[in-house]
Engineer: 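First, the structure itself, so that you have it in front of you.
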Amino acid sequence: MAGLSLKHICKVYSNGFEAVKDFNLEIEDKEFIIFVGPSGCGKSTTLRMIAGLEDISSGELKIGDRLVNDVEPKDRDIAMVFQNYALYPHMNVFDNMAFSLKLRKVPKAEIESQVREAAKILDLEKLLDRKPKQLSGGQRQRVAMGRAIVRNPKVFLMDEPLSNLDAKLRVQMRTEIAKLHERLGATIIYVTHDQTEAMTLGTRIVVMRDGIVQQVDTPQNLYNKPCNRFVASFIGSPQMNFFEAVCEEQNGSAVLKIGNDSISLPGEKGKALLSGGYKGKQVIMGIRPEDVHEAKAEETENVIQSEVTVYELLGAEVYLYCEIQKTNVIARVAASTTAKVGSKVRFAFDTEKIHVFDKDTERIITN
């Protein structure tokens, strides 16, 4: 296995379009790195540059200690798993998995051993004689992974490998891939637009937008300490609630005014706003749905009343939708709630979990 180094990587197409701009990342051996972002953000292009399927316009790519900018894909010692499986329909599972080994003229006994070992890891032992058309989507994807595993590459590259599967299979395959990473101790780079996949699989996540890296961090830090409004809104489901607010000072503390309502910021968050010169200025306040709850009778501070417009029961919890100052807001509350559509509810905000962003730059102020 190996680490990777990407320094000032750019991709500019012949029409002048910059798909990836100054991409920098150091990937350690055995890391599980996720590239995540909306369609067209440059994540698959970056993966394809690592694979050698796209030329690098400028910058430096190393796999281990070897500069590979101009090295052919077949000589980079990487294995790629695509979303469309890319299996040979006329070959059975065994031959699909063994194909790259046969091309390399690996001895028959070794091929047999490596394919059967990979089949055991992926629970494919009983399917080795079947053709791809006789397999389910999840089984085909496991075969595609098995074909990658037998090559014993330095790096596994996975481009949205679960996007063609139904929801239940995706959850199952996520677990399989996590176990696989643990068992192989492999370096994996995985592209997805699904932030749930990103949060559950990655040791670190690279969030991209318009070809630019927004933040690289652990799933926990991305969730709790987003560097800007885009990361805050992209990571988390349902997404974070955002309000336009005005920062005011009352008795030496910072208060956010949302229309006629006030939200007091606790110590350090308030200090960050006041010392940053935001008094009297408009800012963006963000809070996650799970940090908005129904206020108890005795709660009077940091409470805003609104009418429930949509009620969604998700079994163990309920999403209550309402409107506050012309902004749609979601509160994630216990299934025991008595609120329903049309109910007037007092919503309380967990002020320790509030994020405040600069209105112009959208950078975080309060982390």
Engineer: Any side-chain to backbone donor/acceptor pair from Gln114 onto Val150? Under 3.5 Å, distance only.
Structural biologist: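 Yes, Gln114 side chain to Val150 backbone: donor-acceptor pair under 3.5 Å.
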Engineer: Compare every heavy atom of Pro132 with every heavy atom of Tyr88, then report the nearest pair and how far apart it is.
Structural biologist: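 Of all heavy-atom pairs spanning Tyr88 and Pro132, the closest is O-CG, 3.5 Å.
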Engineer: Should Leu265 and Ser253 count as side-chain neighbours, where that means a heavy-atom distance under 4.5 Å?
Structural biologist: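 The answer is no, as the side chains (C-beta and beyond) never meet within the 4.5 Å cut-off.
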Engineer: Counting neighbours of CD on Glu301 that are heavy atoms of other residues, nucleotides or ligands and sit closer than 6.0 Å, is the number greater than 12?
Structural biologist: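 Incorrect, the count does not exceed 12.
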Engineer: Mind checking whether Phe17 and Tyr13 have parallel, tilted or perpendicular rings, split at 30° and 60°?
Structural biologist: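 Geometry flag for Tyr13 against Phe17: parallel rings.
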Engineer: Indicate the atoms forming the closest heavy-atom contact of Ile50 with Arg76, along with that distance.
Structural biologist: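 In terms of heavy atoms, the two residues are closest at O-NH1, 2.9 Å.
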Engineer: Between Leu124 and Met97, is a side-chain contact (heavy atoms from CB on, under 4.5 Å) present by the stated rule, with each step listed?
Structural biologist: CA-CA 11 Å; Leu124 292 169; Met97 289 170 66; 4.2 Å; yes
Engineer: Decide yes or no on side-chain contact (heavy atoms from CB on, under 4.5 Å) for Lys154 and Arg66, but give the supporting numbers first.
Structural biologist: CA-CA 12 Å; Lys154 285 183 177 173; Arg66 184 186 180 203; 5.7 Å; no
Engineer: Show your working on salt bridge (charged side-chain N to carboxylate O under 4.0 Å, His left out) between Glu176 and Lys179 and close with a plain yes or no.
Structural biologist: CA-CA 5 Å; Glu176 297 286 340; Lys179 284 183 191 167; 5.0 Å; no
Engineer: Where is the tightest heavy-atom contact between Pro161 and Val191, given as atom of each residue plus distance?
Structural biologist: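 Looking at all heavy atoms of both residues, the shortest contact is CD-O, 4.2 Å.
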Engineer: Looking at Gln134 and Lys131, would you say the former's side chain and the latter's main chain have a donor-acceptor pair under 3.5 Å?
Structural biologist: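 Checking the backbone N and O of Lys131 against the side chain of Gln134, a donor-acceptor pair under 3.5 Å is found.
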Engineer: Is a salt bridge present between Lys102 and Asp95, judged by a nitrogen-to-oxygen distance below 4.0 Å?
Structural biologist: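 The answer is yes: the pair qualifies as a salt bridge.
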Engineer: Indicate yes or no: at least one non-hydrogen side-chain atom of Lys7 is less than 4.5 angstrom from one of Glu26.
Structural biologist: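 Of all side-chain heavy-atom pairs linking Glu26 with Lys7, at least one is under 4.5 Å.
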Engineer: For Arg332, is there any backbone N or O sitting under 3.5 Å from a side-chain donor or acceptor partner on Arg288?
Structural biologist: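 Not at all, since once roles are kept as given, no pair shorter than 3.5 Å links the two residues.
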Engineer: Of Ile33, Val213, Ile9, which meets side-chain contact (heavy atoms from CB on, under 4.5 Å) against Leu25?
Structural biologist: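 Single side-chain contact (heavy atoms from CB on, under 4.5 Å) partner of Leu25 among Ile33, Val213, Ile9: Ile33.
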Engineer: Is Gln195 reaching over with its side chain to a backbone N or O of Gly236, donor-acceptor style, under 3.5 angstrom?
Structural biologist: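 The answer is yes, because a donor-acceptor pair under 3.5 Å joins these two groups.
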Engineer: Between Gln215 (side chain only) and Lys225 (backbone N and O only), is there a donor and an acceptor less than 3.5 Å apart?
Structural biologist: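 Checking the backbone N and O of Lys225 against the side chain of Gln215, a donor-acceptor pair under 3.5 Å is found.
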Engineer: For the pair Asn69 (side chain) and Leu61 (backbone), establish whether a donor and an acceptor sit closer than 3.5 Å, ignoring hydrogens and angles.
Structural biologist: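 Yes, Asn69 side chain to Leu61 backbone: donor-acceptor pair under 3.5 Å.
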Engineer: Please report the C-alpha distance between Lys30 and Thr187 in whole Å, then the side-chain angles of each, then the deciding distance to 0.1 Å, and finally whether the side-chain hydrogen bond (donor to acceptor under 3.5 Å, both in side chains) criterion is met.
Structural biologist: CA-CA 4 Å; Lys30 300 181 183 177; Thr187 305; over 6 Å; no
Engineer: To the nearest 0.5 Å, tell me how far Arg229 CZ sits from Phe242 CZ.
Structural biologist: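 These two atoms lie 5.0 Å from each other.
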Engineer: If we ignore hydrogens and angles and just use 3.5 Å, is the side chain of Asp210 paired with the main-chain N or O of Ile212 as donor and acceptor?
Structural biologist: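 Side chain of Asp210 to backbone of Ile212, a donor-acceptor pair under 3.5 Å: no, none is there.
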Engineer: Is the shortest heavy-atom distance from the side chain of Met199 to the side chain of Pro219 under 4.5 Å?
Structural biologist: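 Touching, per the 4.5 Å side-chain cut-off.
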Engineer: Between Glu249 and Lys279 (side chain of the first, backbone of the second, donor and acceptor by atom type, cut-off under 3.5 Å), is there such a pair?
Structural biologist: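 Looks like no, no N/O pair under 3.5 Å.
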Engineer: Looking at Phe243, is its backbone amide N or carbonyl O close enough to the side chain of Thr327 to form a donor-acceptor pair, meaning the two atoms are under 3.5 Å apart?
Structural biologist: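 Looks like no, no N/O pair under 3.5 Å.
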Engineer: For a quick test of reading the model, state the closest non-hydrogen atom pair linking Arg346 to Val303 and the distance between them.
Structural biologist: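 So the minimum-distance heavy-atom pair works out to CB-CG1, 3.7 Å.
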Engineer: Considering only heavy atoms from C-beta outward, does the side chain of Met49 approach that of Phe23 to under 4.5 Å?
Structural biologist: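 Of all side-chain heavy-atom pairs linking Phe23 with Met49, none is under 4.5 Å.
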Engineer: Is there a donor-acceptor contact under 3.5 Å from the side chain of Asn24 to the main chain of Asp22?
Structural biologist: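 Answer holds: yes.
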